[in-house]
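The next block holds one structure in the form of structure tokens; read it before the comments.
Excluded from the calculations below are hydrogen atoms, water molecules and symmetry mates; all remaining heavy atoms, backbone and side chain alike, are included. All chains are named by letter (A, B, ...) in the order of the sequence lines, taking the proteins before the strands, and each is independently numbered beginning at 1.
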Amino acid sequence: MTNLEIAWIFNEIADLMELKGDNIFKVRAYRKAADILHHLPEEIENIYHREELNQIPGIGKILASKVEEILQTGRCSYLERLREEIPQGLKEMLAIPGLGPKSVQTIYKRLNITTLEELEEAARKKRIRKLPGMGSKTELNILRGIEMLRRNCGQVPMGLAMSLAEALIADLKGLPEVERIEITGDLRRGREMVEGVDLLIGSQAPQGIISVLNKSPKIKQVLSCDEHRIEATTWLGIRVIINIVEPENFYLAWQQLTGSAKHNQRLQERGDKFHLKLSPSGLIRSEGHEMLPVKGEEDIYRYLELPYIPPVLREDTGEIEAAIEGRLPELIQLADIKGDLHVHSNWSDGVSEIIQLVEAARERGYQYLAITDHSKSLKIAGGLSEEKLREQREVLRSLEESLGDIHLLAGVEVDILPDGSLDYEDSFLEEMDLVIASVHTHFRMEKDRMTARIESALKNPLVDILAHPTGRILGRRDPYAVDLEYLMEVAARTGTCMEINASPDRLDLNEKGIRKAKEYGIPLAINTDAHDALRLEDMRYGIITAQRGWLERKDVVNAWDFEELKRWLGL
DNA sequence: GCCGTTTTCGGCCCGACTGTTTTCAGTCG
């Protein structure tokens, strides 16, 4: 089982314990352990085999024995006991923003409600407001929350699906019967939330693959399988579909299964003009029933007299027209990125030392890195005082000098306070190389006020970048109410950059916002917002999202050379 | 449940908002 899956188990234990009313510090120990596992630089299985579990800080005797049990048996008896004790629906209720364990407990004990459906009904019938500490707003909040959960029902964030897909590929790639294996479906297109993991295998002997999957610890249950298709579900409840085709049909099947359905329909319409019929099993010229050879996806597009259209664009949002007219964007690539402009160190709420972040940036071949810790009012994140930031700047300056091969920017992620002012005086912000502004509090402001709040930050000439402009957390928190298009108008005037936050939990701006921002000519930055050196890795999710927003290298400030960036920052 | 080790018990990120109260518990970042 992977680190991520064990982390999920610990998180579920923590949720259930909290619902039970267990000691909060015990609960927190499980959460912390989950977080540690999630960010472990190597597979815990290896650590276990070296008998070094006890050396991981945060994992004591008891948690180590649970890890051991999970690795050995694929099960966790403690979790199974908790699951029997606590109805599954209560855990789902916890996902409603504003409903915590105490409220869920009250609802369960007083009204005997155990499912979201019952909860929704009770809220509609105004039965929740009769409970102690709850009122009409709680009911409204519950209904809104359930609606949000329904919208994301059955979908998983791309980052989670991607790591599972890559783990499965790693398991299957080495099999002699697997000639080729690739990601397909909406995950390949880079959608922010996906239905599950879709893989395509080119193989002449599919039977062996099925038996390997049946035994895989990553797979909880194979739901159906024949020699062309396997459908399974993982321990985290993620749906996995693996299609298997003859190797000579691989590319056609890959293109067809990647979709989107709308894109493929448009392709077929175009095929009709050329008397071509597209299907996963063959590209046929209808007159002579001649099967055309396909040696790559490019061939398919070429038969249709189109340039190759990358998967991220295949949504029928203008890519076919652009292809016909020869104006497909030259999409930004991961290799174009020259630095990360939003990273947290352990001076505030990050876990890595500055030097570790810098090393990670150098390993990625970056020209520059900005350290942007939190500002002073964000107490929980260990926001830094002016003095601390000055001290950090000195550290960065001398580190930069001693290393000599990377430019370090002394930055800060300054909170935009509810009244629109920033968390430091302008006179201080002037000292910083890079100022990122963002909202971390008072999310539920009314739209006009929130818009005005962010507008005033954009209008401050010292603000270089607006971070995570809508504040959403994928599948968990909706964007705050804000007139984004108006803010883009403002940003276009002030020349303020907007961020594409690459954290797979955020992806904010999203692809729609990015395309809009590009229309307005706003400079964009793709930043990881990493709180851990390993998470500089998340840049790739930002790139995919930027590509889906049709961005090119020139649109992205951290794809510029340092000299150009410096000029733009006025340094 | 973990940690420390000058502690084997007593801490553990902490302050503010929200919606409910009528002085505060619960939730969140």
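- At dG29(B), one or more side-chain N or O atoms of R477(A) fall inside 4.0 Å of OP1 or OP2 (strictly under the cut-off).
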Polar atom pairs between nucleotides 4-7 of chain B and protein, under 3.5 Å, N or O only, would you list them?
none

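- When the nucleotides dC3(B), dG15(B), dG1(B) are ranked by their closest atom to the side chain of K379(A), dG15(B) comes out on top.
- Under the rule for a ring-ring contact (aromatic ring centres under 6.0 Å, His included), Y48(A) has no partner lying at least two apart in sequence or in another chain.
- Here the side chain of H442(A) is nearest to one of dC12(B), dC17(B), dG1(B), namely dC17(B).
- Not one side-chain nitrogen or oxygen of T441(A) sits closer than 4.0 Å to the OP1 or OP2 atom of dC17(B).
- With sequence neighbours left out, the side chain to side chain contact (heavy atoms under 4.5 Å, CB included) criterion links R362(A) to V358(A), E359(A), L403(A), D405(A), I406(A).
- Aromatic ring centres of H442(A) and H440(A) lie farther apart than the 6.0 Å criterion allows.
- Searching all strands for a Watson-Crick or G-U wobble partner of dT8(B) with both distances below 3.5 Å returns nothing.
- In this entry the distance linking NZ of K26(A) with P of dG11(B) reads 19 Å, nearest Å.
- The salt bridge (charged side-chain N to carboxylate O under 4.0 Å, His left out) check on E400(A) picks up nothing, with sequence neighbours excluded.
- Residues from residues 120-144 of chain A placing a heavy atom under 4.0 Å of any atom in DNA chain B, listed by number, are G133(A), M134(A), G135(A), S136(A), K137(A), T138(A).
- By the ring-ring contact (aromatic ring centres under 6.0 Å, His included) test, Y368(A) is found to be paired with F562(A), residues two or more places apart in sequence or in another chain being considered.
- For R444(A) and dG19(B), the shortest distance from a side-chain N or O to OP1 or OP2 is below 4.0 Å.
- Using a 3.5 Å distance cut-off with no hydrogens or angles, the side chains of H374(A) and D415(A) do not pair a donor with an acceptor.
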